[in-house]
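The next block holds one structure in the form of C-alpha cells; read it before the comments.
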Amino acid sequence: MAALEGLEFGKSDFVLLDEVNIEQFMENLKLRFENAHIYTFIGEGVVSVNPYKQMDIYGKEDINAYRGRELYENPPHLYAVADAAYKAMKRRAKDTCIVVSGESGAGKTEASKYIMQYIAAITNPSQRAEVESVKNVLLKSNCVLEAFGNAKTNRNDNSSRFGKYMDINFNFNGNPTGGHINNYLLEKSRVVQQNGGERNFHSFYQLLRGGSDVMLKSLHLHNDPANYVYTREGAPTFSIHNAVLSALNVIGFSEEEIHSIYRILGTVLILGNLQFETDSESVRVVGMGDVSHIAELTSTEPDNVTKSLLYRTVATGDGEVIEKGHSEKEACFGRDAFTKALYERLFGWIVGRINAVIEVKDYNPVLHGKNTVIGVLDIYGFEIFDNNSFEQFCINYCNEKLQQLFIQLILCQEQDEYRREGIKWQHIDYFNNQIIVDLVEQPHKGIISVLDEACLSVGKVTDTVCLESMDAKLGQHPHYTSRKLTPSDKTMEFNRDFRIRHYAGDVTYSIEGFLDKNKDPLYQDFKRLMFNSSNPVMKEMWPDGQLSITEVTKRPLTAATLFKNSIVALVEKLGCKEPYYVRCIKPNDMKSPLLFDDARCQHQVAYLGLLENVRVRRAGFAYRQAYTRFLQRYKMTCVYTWPNHLMETDREAVEAIVTQHGFQDDVAYGHTKLFVRTPKSLFTLEQERAVLIPVLVLFLQKVWRGALARMRCQRMRAIFAIMGCYKRYKVKVHFWEVERRFANVCNMADYGKSVEWPTPPAALTQFHSITQKLHRRWRAWQMVKNIPQSDMGAVRAKVAALGALNGERKDWGCGRSWERDYLANVSHSHSTAMCLRNKDEYNQVIFSGFCRKMNRFNKSTDRALLITDKHIYKLDPKKQFKVLKRLPLEVVTGLSVTAGVDQMVALHTSSQDDALLYIQRGELCPDQDRIGELVGTLIDHFTRSVATVRGVSGWVRPSCTGLALLSIHRSQ
C-alpha cells in the first residue's frame, strides 16, 4: 500500500500510526479526507468518511483491481473488505457478514450498495442465466426498497427509515443462489407527520412527479405534492419513477401487483386529505367524493369505507355487538392509524414478495454442496434530533445492541481469546455499553418493560404517568435522568422529557406519543374492510381481517417488544458469522465535500470505539486458526507435512511450516490455535499454496483419470465377457432350435423342405446360409439316390436346363421323359448315324430330331439335326438323311432360345455362320416342347467334358431380343 499511496495522503491503515492517540488518529483521518482518500483500514475493517460528492473509484477497472487480491495489496476500499469477506466465505466455507454502521447521513446506504455491486460483479464468471437472474433481483431490490423505505431528513437526503439485513446465499462455486431480506421498524409515523424541513417517503413524490397523466387520473391524483397533507413539504428535484417500475418488473411483480401498489399509495394520499366535522351529535366526513375514490382504489364499498372511518364495532362481554360512533378526534386518530398501517403492510408485503422470488429453491446439500452466506447489514444510524420520539428511541437502542456486538466480537472476545490461549497480552480498557442495553431491555426493570406495563394497565394511563413510573424505577441508574430527577437542568421539560446517556452521546426524548406508538392501535373495522376487498393483493396483506368480531384473541405484543425481539435475533444471527466492519463517519452537518468538522468527527470516533479497535488490532494478531485447519490448508507448502506428517502433534507440524517459511517472529502459538500478527505472512503462504494447487490438481486428475480408465477398462472387459457368453448362448440356442426342428426330417416326405428355419443371430448369418445349402444338397441327394442309374443322364440334363433357362420359359418339357435321339427309330437315319460314327468316331449322340431351317429370306425347309460329342450335323431327311453340313462342336460359341412356347433356336459359331432352326414337335405329341431337352443335354455334355466353369456359365444365354419381344408382347 505504501507504493500505491504516498505518505502525503496519510497512513492507509490506522494500525500503522506512530502513536495511537486521538490527536494522531484525527490528524490522519482529516488528511486523508482532504486529499479525497475517504477509506482507511483498521486491520480488516475500513473507516469510510462520506465525501458528499461523486467519486470515480467504483468502475469496472477498480473492481478488477480488487478481485481476488489480499487486503494490503491495494489501497483501502469498500471493495477490499467485500472481497475479504467473499474469500473467507469461499475458501473456508464460513458464513460471513459485513456490518455497515454509523450515524444518519454517514453514507451507510451507499456503502452497502457498492458492496452489493462488487459481489455481483465478481461472481458467476460463466454467465449462467439462473445466477444472473438472482443477481439482478438482489441489485434491483435496493432500488425498490429505497423508494418505499427511504426519505429526506434534515441530516440526509436519502435516509433509510427502516433497518435492512440481507443474507446472500452462495453455492460451493461461490455463485449467488438466492437470498433473504429482513426489515426492521419501518418509521411509519413519517407517513402522517414529518419534522420541519423533512419529507415523506420517496415513493409518494416519485408517483406524483413521475407518474403518467393516465396513471394519476386513474388514481384520482394530481401531480403537485403540495395538494396533499402528507406531502406538502415538497418534492425532490428529480424522479426515478420509471427506474422503480423497471426494477419491479425485473424482480417479477405482475402488472396487477404493481397497479395495486400504486393504488395503495393513492389511497394513503387521499386519506390524508379527508376532513371530519361534527354535525350536532354525530361526526361526518367532509366531501364524500374522496370516500368514493378510496372505495374504488381499495376495491371496497363506499358505505363500508364511511362506516369504518366514523364508527367502531365492539363486542360486549355477553357477545352482543354494538357500533360506537367516533368523536372528531377519534376519527382523525383512526384515519392516521389506518394510513400508517396501509403503508406498513404494503412495505412488508413488498419485502415478502422479493423474498419469495430470491429464496433458495430446491436446495439439496448432498447434491449442491454446502450453502454459505454473506450477510450485509444496512440499518439506521444513531439519531439525535431536536424532537426525539419513540422511533429515535428504538433506533438508538438498535445501535446500542450493534455496538455491544462490536464490543463483544472485536474488543472483548478477542482479548478473552488471547488469555484463553495463553498468549501474552496487556489488557486494553474500553467502555462496555452493556449497562445501557440493560437500561432499555432488562426484564421487569428496563424502559421497554415499563412501557409495556403501562400499555397493559387497566384504566387511563397517560404518557406522563408512564414517565413517572420510569423515574421511580430508573431514578438511580447512572445513564438515565429526567427534569424531575435533575430540576436544575432547564434543557428538559417537566412531565415530558427524559434523557439517556448513550454510548454515542446524551439524547433527550419526549415521552409524548410513546404509549400510543407502542400499543400501535388499529381498529378491527379497518382490518375487516381491507380483508373483504375484491383486490386479491390487498386482501393478502390483511389476513387478520378474517377474525370474527366476537372472537377472543391473545393480546398482541407491543411495538417495542416486537422490535426488541427482532434486534436480539439479528444480533444472534450476526454473532454466529465472521464479521467485517465498515464504520461510516459524517464529516459535517452541512453536506459539504470540503468541510471537516473536527469536533463532530472526534465525537463519532469516540462513540464508535475506533481508537480502542486500533489498539486491539495493533497489539493483537490479524489472523488465527486452529492447528488442524491451518495444517489442512497449508501442509502442501512444506516437505515435512505433505502429504501427511509423522510428528506427534499437529502443532509441531505447524511449527515446521512456519520455520520453513521464516515466520517465527510473526506468530504466536496458543494452546489450540496459531496466531499470525501481520497479513503479509498469511499472504505469502496463500501465494505459495496458489502456485502448488494447480500442480496437485494435475496430479490428482492424473491419478483419478487413471482410476477412471482402469474402471472403464474393467467394465469393458466385463461387458465383452458378458457379450461373449451371451453370443455363445445365442449360438447354442440356435443350434438347439435347428436340431429340434430338423430332428425328424429323414422320415418326412419332403425331407424337411416345409420346415421353417429359425432366425439366426448376426454372428451365424453366413454359417446359416451355408447350412441351408448343405440341407438342400442333402435333401436333393436323398431324392436322387433312389433314381436308377439309367435315368441319371436325363436327370442331370433336366437340372442343367432348369438352371440355364432360369424360369424364362414356362414349359420346357421337364415333366416328360427325354429320349434325346429322336432319329434312332427313323428309317435310313440309323444307317446314316452308323456311317458317321465310323467316319468321325464319335462316342454318343447328344440330341437328334427333325427341324426346319430358316434362312435370311424367311424361307424354311425340312431338315434333321444330329448333335454328337464331336460334331453338329444338318441332314436332309428327304434324301435319305444326307449330310448337308458338318460343324465341329467346339466352334459353337452360344445358343439362343426365345422365352415363348415356340421351338426356335439359334446356334452361334465363332465364324459368324449362325444357324436358325425350328425344332419340330413329336408326331404323337404335338404339344411336346424339346427346347429344354436340347439345352439341358448340351449343358450336361459340356459340364461333364469341359473342366472350366467359365465355359459352362457363359455357354447358354436366353436371347435378349427374344426377351424384349416377349416383354412387349406381354405389355400389349
Side-chain angles (χ1 to χ4, degrees), residues 26 29-40 46-58 77-78 100-115 142-143 145-147 149-164 187 190 194-206 209 225 231-240 243 378-388 391-392 395-396 399 504-505 507 582-608 610:
M26 293 304 301
L29 186 67
K30 182 177 182 179
L31 178 61
R32 293 184 63 77
F33 174 77
E34 291 173 346
N35 286 280
H37 286 65
I38 61 173
Y39 299 120
T40 312
V46 68
V47 177
S48 171
V49 183
N50 192 340
Y52 286 118
K53 64 180 179 181
Q54 294 293 329
M55 300 191 68
D56 187 21
I57 56 174
Y58 305 104
H77 202 290
L78 288 172
V100 185
S101 60
E103 69 175 54
S104 179
K108 300 184 300 301
T109 299
E110 291 299 312
S112 65
K113 285 198 293 187
Y114 286 131
I115 290 170
N142 282 328
C143 177
L145 295 180
E146 274 192 30
N150 287 25
K152 178 185 179 302
T153 66
N154 290 323
R155 294 191 172 194
N156 188 359
D157 289 341
N158 187 32
S159 177
S160 297
R161 306 319 299 161
F162 72 104
K164 179 181 71 174
E187 189 188 20
R190 180 171 293 273
Q194 306 93 40
N195 293 329
E198 297 188 351
R199 285 199 288 257
N200 212 323
F201 292 101
H202 295 329
S203 56
F204 295 109
Y205 305 101
Q206 291 169 4
R209 288 300 197 196
T231 57
R232 283 178 179 169
E233 289 297 328
T237 57
F238 62 93
S239 173
I240 56 171
D378 172 22
I379 205 161
Y380 18 58
F382 193 84
E383 292 185 347
I384 306 176
F385 295 153
D386 295 334
N387 181 23
N388 300 291
E391 291 80 10
Q392 282 68 48
I395 288 171
N396 292 339
N399 279 270
V507 182
V582 178
R583 313 292 266 174
C584 298
I585 291 179
K586 185 176 183 179
N588 58 77
D589 291 324
M590 309 302 294
K591 303 174 187 176
S592 168
L594 304 175
L595 179 62
F596 186 87
D597 189 333
D598 292 87
R600 188 85 174 78
C601 295
Q602 184 171 336
H603 176 69
Q604 296 174 71
V605 169
Y607 74 68
L608 289 173
L610 300 184

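- For the pair Ser101/Arg583, a side-chain contact is recorded, criterion being any heavy-atom separation below 4.5 Å from C-beta on.
- Residues Cys601 and Phe596 have side chains in contact (heavy-atom distance under 4.5 Å, counting atoms from C-beta outward).
- For Tyr52 (side chain) and Leu594 (main-chain N/O), no donor-acceptor pair under 3.5 Å exists by modelled atom type.
- The distance from the CG atom of Asp386 to the CG atom of Asn195 is 8.0 Å, given to the nearest 0.5 Å.
- Atom CE of Met55 has more than 12 neighbouring heavy atoms from other residues, nucleotides or ligands inside a 6.0 Å radius.
- Within the 4.5 Å cutoff, side-chain heavy atoms of Asn158 are placed close to those of His202.
- Taking the charged nitrogens against the carboxylate oxygens, Arg190 and Glu391 have no contact shorter than 4.0 Å, which rules out a salt bridge.
- Taking 4.5 Å as the limit, every side-chain heavy atom of Thr109 sits out of range of all side-chain heavy atoms of Lys164.
- The aromatic rings of Tyr114 and Tyr58 lie parallel to each other, with less than 30° between the two planes, well short of the 60° mark.
- Remark: the backbone N or O of Gly196 is paired with a side-chain donor or acceptor of Asn154 at under 3.5 angstrom.
- In terms of heavy-atom proximity, Gly197 sits nearest to Lys152 at O-NZ, 3.3 Å.
- Of all heavy-atom pairs between Phe201 and Ala151, the closest is CA-CB, 4.0 Å.
- Contact of the His77 side chain with the Val46 side chain is not registered, since no non-hydrogen atoms from C-beta on lie closer than 4.5 Å.
- At least one donor-acceptor pair closer than 3.5 Å links the side chain of Arg32 to the backbone N or O of Tyr39.
- Here Asn588 pairs with nothing under the side chain to side chain donor-acceptor pair (under 3.5 Å) rule; sequence neighbours left out.
- Between Val100 and Ile115 the shortest side-chain heavy-atom distance falls below 4.5 Å.
- Scanning both residues, Asp378 and Ser160, for their nearest heavy atoms gives OD2-OG, 3.9 Å.
- Side chains of Leu29 and Val49 form a contact here, defined as non-hydrogen atoms less than 4.5 Å apart.
- For Ile395, the side-chain contact (heavy atoms from CB on, under 4.5 Å) partners at least two apart in sequence or on another chain are Arg161, Tyr380, Glu383, Asn399.
- Defined by atom type and a distance below 3.5 Å, a donor-acceptor pair is missing between the side-chain atoms of Thr231 and Arg199.
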For the pair Asp589 and Asp597, evaluate side chain to side chain contact (heavy atoms under 4.5 Å, CB included) and give the outcome as yes or no after the intermediate values. CA-CA 8 Å; Asp589 291 324; Asp597 189 333; 5.5 Å; no
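- In this structure, OG in Ser112 is found 11.5 Å from CD1 in Ile379, a value given to the nearest 0.5 Å.
- For the residue pair Phe162 and Leu145, the shortest heavy atom distance occurs at CE2-O, 3.7 Å.
- Rounded to the nearest 0.5 Å, atoms CZ (Arg600) and CG (Leu595) are 11.5 Å apart.
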Carefully, step by step, assess Asn156 and Lys586 under the rule side chain to side chain donor-acceptor pair (under 3.5 Å). CA-CA 10 Å; Asn156 188 359; Lys586 185 176 183 179; over 6 Å; no
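- Counting all heavy atoms, side chain and backbone alike, Ser104 lies closest to Ser159 at OG-OG, 3.6 Å.
- Here the CE-CG distance, from Met26 to Asp598, works out to 5.5 Å after rounding to the nearest 0.5 Å.
- Taking all atoms of both residues into account, the shortest heavy-atom contact from Leu608 to Cys584 is CD1-O, 4.0 Å.
- Rounded to the nearest 0.5 Å, atoms OG (Ser203) and CD (Glu146) are 12.5 Å apart.
- Two residues are said to be in side-chain contact when any heavy atoms from C-beta on lie closer than 4.5 Å; Val507 and Gln392 fail this criterion.
- The CG atom of Leu78 lies 7.0 Å from the CD1 atom of Ile38; values are rounded to the nearest 0.5 Å.
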